[in-house]
Amino acid sequence: MLVLVINCGSSSVKYHLIETEETAEGETLCKGMIERIGAVTSIVKHEPVGKRHIKDSKVISDHNEAMQEIMSYLLDEKNELVSDEVKIEAVGHRVVHGGEMFKDSVLIDNDVLEAIEEAFDLAPLHNPPNLKGIEAAKKHLPDLPHVAVFDTAFHQTLPRRAYLYGIPNRLYRRYKIRRYGFHGTSHYYVSRQYYKITDLPKEETRVISCHLGNGASVTAIDGGRSVDTSMGFTPLAGLVMGTRSGDIDPSILFYLVEKEELSLNSLHALLNRHSGLLGVSGYASDMRDLISEAHNGDRRCQQAIDLFCYRVKQYIGSYYAVLNGCDAILFTAGIGENSPLVRKKSLENLDGLGIELDDKKNESVTPGMVEKISSDNSRADVYIVPTNEELVIAIDTAKIARATRHSP
Ligand code: ADP
């Protein structure tokens, strides 16, 4: 089934056109994105696999026009992607926050649209553009099934002790303040890839999955179910990230309000946009830039890398205890897949837990491949597993679209 996967941000729309039945893994036929929607000019990229890529600038004022641009490109016969014989049959939407309502992907109907809107308060930066994207796509493809796949769904199996905060319980009951966790689609995908290649029964397997990109999170997976995760009520919690602080003592906020008279908006910007690797290094949020400057002797860039890796190690240790052991640690996303240095530093001096990297394997990984990088003596295996969130969205969408077709 040919599925269009849509991922909308506040000023961007990313898309993937995926054939889900071509191979067991699915086949991406084309991807693209429109950035800087609403700016004087927007950037348009269409990247059909194995064909000429297009990069252009156009005036695109809202998500609806962005969808219009994507559909005109995909439906243009010259591009040989969609035709009368090979039609798009379903649309999958990434939705960041499903609150406590959604434990799985769902066919979008009016109730689902309402529920996504109800979660606006929980994810004010993400859910409103996600909804805009759904509305725009429904306008252009009104007769197709549209499916929502939630970043939070995989973590809905967290036990109460892992998702409650130590605050008055009425706040959970009234406002649903609790840990939700994010990157669920990625943690789900890499853990499934691990069970597949090792042929291990997921019911008996304990996995720690480290999604290390610009946003970063670690998840403890027991018997295939997420039992704890480092992001919380919002994606701000947990690891030190590109520009997000990760965990801090909440009293720092009261102290800053007093010392610098910061407004709520400034605090929000401070922790979300000016902290993390960028804040600590005072130089960059991008790990590649930091590694290269640290190599040239920049002490603050080195400190940022050290802090990032130390926090990953802390979570791995914590989840080792949560899971009462661990069969495999998985690294994924931009940093996890590509930085031998970060992987090495994050697993440094963990021989007490029996975790040992094979330095040579860690250094010589083929990009895009699943590879084992632990030594033969290591008690837990360490793997690199490239993530593919769009494929999970496409496969879930196809499954739900097929079931819808067959239901009376
Ligand atoms: P997101 O999807 O959250 O925006 P990505 O998963 O694309 O982020 O990861 C982006 C991060 O990956 C950046 O910090 C980038 O520097 C880092 N990265 C990519 N390639 C490498 C590499 N070869 N070495 C170190 N870091 C890398």
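For the single chain, residues carry numbers from 1 onward in sequence order. Atom set for the values below is all heavy atoms of this structure, side chains included, hydrogens, waters and symmetry mates excluded. Ligands are counted one by one from 1 in listed order, and the atoms in each one are counted from 1 as well.
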Practice prompt. Please determine if Gly213 has a nitrogen or oxygen closer than 3.5 Å to a nitrogen or oxygen of ligand 1.
Written response: no
Worksheet item: When Asp151 is tested against each of Arg94, His126, His183, His97 for side chain to side chain donor-acceptor pair (under 3.5 Å), which residue passes?
Response: Arg94
Worksheet, complete the sentence: atom 10 (C) of ligand 1 has as its nearest protein heavy atom Asn214 N, 3.8 Å
Worksheet entry | Subset of ligand 1 atoms that lie under 4.0 Å from at least one heavy atom of Gly215 | 3 (O)
Worksheet entry | Lys/Arg-Asp/Glu bridge criterion (N-O < 4.0 Å) met for Arg206, Asp222 | no
Response to the item:
atom 27 (C) of ligand 1 sits nearest the protein heavy atom Arg288 CG, 3.6 Å
Worksheet entry | Salt-bridge contact Lys58-Glu69 (side-chain N to carboxylate O under 4.0 Å) | yes
Worksheet item: How about Tyr383 and Tyr194: are their ring centres within less than 6.0 Å of each other?
Response: yes
Item to complete: For Ser375 and Leu357, indicate whether the former's side chain and the latter's backbone hold a donor-acceptor pair under 3.5 Å.
Response: no
Worksheet entry | Protein heavy atom at shortest distance from atom 25 (C) of ligand 1 | Ser339 CB, 3.6 Å
Worksheet, complete the sentence: Nearest non-hydrogen protein atom to atom 16 (O) of ligand 1, with distance, is Asp286 OD1, 2.4 Å
Practice prompt. Starting from atom 22 (C) of ligand 1, find the nearest protein heavy-atom neighbour and note its residue, name and distance.
Written response: Asn338 CB, 3.4 Å
Discussion item. Check for me whether the distance between the ring centres of His93 and His146 falls short of 6.0 Å.
Written reply: yes
Item to complete: Identify whether the distance between the nearest side-chain nitrogen and carboxylate oxygen of Lys176 and Glu100 falls below 4.0 Å.
Response: yes
Worksheet entry | Pairing of Asp358 and Lys360 as salt bridge, 4.0 angstrom limit | no
Worksheet item: Looking at ligand 1, does any of its N/O atoms fall within less than 3.5 Å of an N/O of Gly334?
Response: yes
Worksheet entry | Nearest non-hydrogen protein atom, atom 14 (O) of ligand 1 | Met287 N, 3.0 Å
Practice prompt. Ignoring hydrogens, tell whether any protein atom lies closer than 4.0 Å to atom 18 (N) of ligand 1; use the non-hydrogen atoms only.
Written response: yes
Item to complete: Considering only non-hydrogen protein atoms, determine which one is nearest to atom 11 (C) of ligand 1 and report residue, atom name and distance to 0.1 Å.
Response: Ile335 CG1, 3.7 Å
